[in-house]
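None of the values given here were measured: they were computed from a predicted structure. Numbers here are sequence positions counted from 1.
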Amino acid sequence: MTGEPMVRAERVCKDFGALSVLKGVTLSVQRGQVLVLVGPSGSGKSTFLRCINHLENVSAGRLYVDGELVGYRERGDKLYEMAPRDAAKQRRDIGMVFQHFNLFPHRTALENIIESPIHVKKVKKSVAVERARDLLSQVGLSDKADAYPAQLSGGQQQRVAIARALAMDPKLMLFDEPTSALDPELVGEVLAVMKKLASEGMTMVVVTHEMGFAREVADQLVFMDGGVIVESGAPREVLSNPQHDRTKAFLSKVM
């Protein structure tokens, strides 16, 4: 299955009661690619991201990660939602970094990173600690292993959150506006870590307003509005020569 994309969405819909947030999203992300989702607030970007790892269940359509249907089993032409334990098992292979860092405040940076590998993957503590130190070094925080979240800047906390997600050796990384809660001068340090990951071939789906990052790092840019994909293509092409009026209007405000 060499040609199988890492992420494949087929007509994905998501309703919250009477509100349709996703209205038939179809896209795919190849292995090693970086897909950036942009669009106004409420356009469905974050909801779509949360559907990829089944933090939200889809109302219709299908989502596959690495060729496997996410969150459901198919019998005949019917879908049955997986037991929470099975869905959690699937989720282990998908790293997610949120807008807010969600670190355990009472644990050090190192302890935050080793928590899941030890408890979820049953990795030996000594192995987990060695890997965590390596990851801290990769995100430029070797000297902060024993610091608590409150002692770290927002940018440093977000880099610990990225290291924590990587500690599970995911095959896919999802980033939900990872820099939007940061002071402007701290944004660069988080984007630098993400660029490095992209250069090492990590498959990534990123919701962001950082157009410079999209232009420089993404393989594919998707502009969403009102729960649908309005336009997609090569980032430089979409950003410099948008075809759709809605895309033009949006980009004129953020560029």
Side-chain angles (χ1 to χ4, degrees), residues 3-14 20-53 56 58 61-65 94-99 162 172-182 184 187-188 190-255:
E4 180 70 45
M6 182 58 83
V7 180
R8 180 159 52 94
E10 296 176 351
R11 300 181 299 281
V12 170
C13 298
K14 174 64 185 174
S20 290
V21 178
L22 297 174
K23 303 170 185 169
V25 172
T26 295
L27 59 76
S28 62
V29 186
Q30 300 304 321
R31 290 162 201 282
Q33 270 201 337
V34 178
L35 171 82
V36 167
L37 293 167
V38 301
S41 292
S43 57
K45 310 179 302 289
S46 294
T47 299
F48 178 67
L49 210 61
R50 292 171 68 85
C51 287
I52 294 177
N53 66 356
E56 299 289 355
V58 301
R62 285 166 168 68
L63 255 171
Y64 299 87
V65 170
I94 304 173
M96 184 148 184
V97 177
F98 299 88
Q99 185 172 345
I162 293 173
L172 169 66
M173 284 285 284
L174 308 175
F175 292 88
D176 190 6
E177 303 202 11
T179 58
S180 63
L182 300 178
V187 167
V190 173
L191 293 180
V193 172
M194 292 168 65
K195 283 176 193 170
K196 181 167 174 284
L197 276 181
S199 71
E200 291 163 358
M202 174 62 77
T203 312
M204 293 158 54
V205 182
V206 183
V207 171
T208 186
H209 294 293
E210 300 293 335
M211 297 302 159
F213 174 83
R215 178 184 279 118
E216 197 182 325
V217 182
D219 299 289
Q220 193 185 160
L221 179 77
V222 168
F223 170 64
M224 284 180 71
D225 190 25
V228 299
I229 293 175
V230 176
E231 191 166 337
S232 70
R236 286 166 194 272
E237 190 57 38
V238 176
L239 293 173
S240 58
N241 187 21
Q243 299 302 301
H244 199 284
D245 287 345
R246 187 67 197 88
T247 319
K248 289 175 188 167
F250 173 75
L251 291 176
S252 71
K253 291 193 180 78
V254 296
M255 297 287 277

Of all heavy-atom pairs linking Thr179 and Thr208, the shortest is OG1-OG1, 4.4 Å

Distance from Leu174 atom CG to Leu49 atom CG, nearest 0.5 Å? 4.5 Å

Do Val230 and Phe250 have side chains that approach each other closer than 4.5 Å (heavy atoms only, starting at C-beta)? no

With the side chain counted from C-beta on, respond yes when Arg50 and Met96 share a heavy-atom pair under 4.5 Å apart, and no when they do not. yes

Run the numbers on Val217 and Val206 for side-chain contact (heavy atoms from CB on, under 4.5 Å), then give the verdict. CA-CA 11 Å; Val217 182; Val206 183; over 6 Å; no

Hey, which of Lys248, His244, Arg246 is the one that makes side-chain contact (heavy atoms from CB on, under 4.5 Å) with Glu231? His244

Looking only at heavy atoms, what is the nearest atom pair of Val238 and Gly233, with distance? CG2-N, 3.7 Å

Within-4.5 Å side-chain heavy-atom neighbours: Asp176 and Gln99: no

Please tell me if the side chains of Ser43 and Asp225 come closer than 4.5 Å, counting only heavy atoms from C-beta onward. yes

Closest non-hydrogen atom pair, Ala218 against Pro235: O-CG, 3.3 Å

Side chains of Met224 and Val222, heavy atoms from C-beta outward: is any pair under 4.5 Å? yes

Roughly how far apart are Gln243 CD and Asn241 CG, rounded to 0.5 Å? 5.0 Å

Nearest 0.5 Å, what's the CZ-CD distance between Arg215 and Glu237? 11.5 Å

Can you name the closest pair of heavy atoms from Pro178 and Val207 and give their distance? CD-O, 3.6 Å

To the nearest 0.5 Å, tell me how far Phe48 CZ sits from Leu27 CG. 4.0 Å

Taking every heavy atom of Lys23 against every heavy atom of Ser20, the minimum-distance pair comes out as CE-O, 3.4 Å

Where Arg31 and Glu4 come nearest, the two heavy atoms and their spacing: NE-O, 3.3 Å

In a check of side-chain contact (heavy atoms from CB on, under 4.5 Å) between Phe175 and each of Leu37, Ile162, Val190, which one passes? Ile162

If you measure from CE on Met204 to NZ on Lys195, what distance do you get to the nearest 0.5 Å? 11.0 Å

Verdict with reasoning, Glu210 to Glu216, per side-chain contact (heavy atoms from CB on, under 4.5 Å): CA-CA 10 Å; Glu210 300 293 335; Glu216 197 182 325; over 6 Å; no

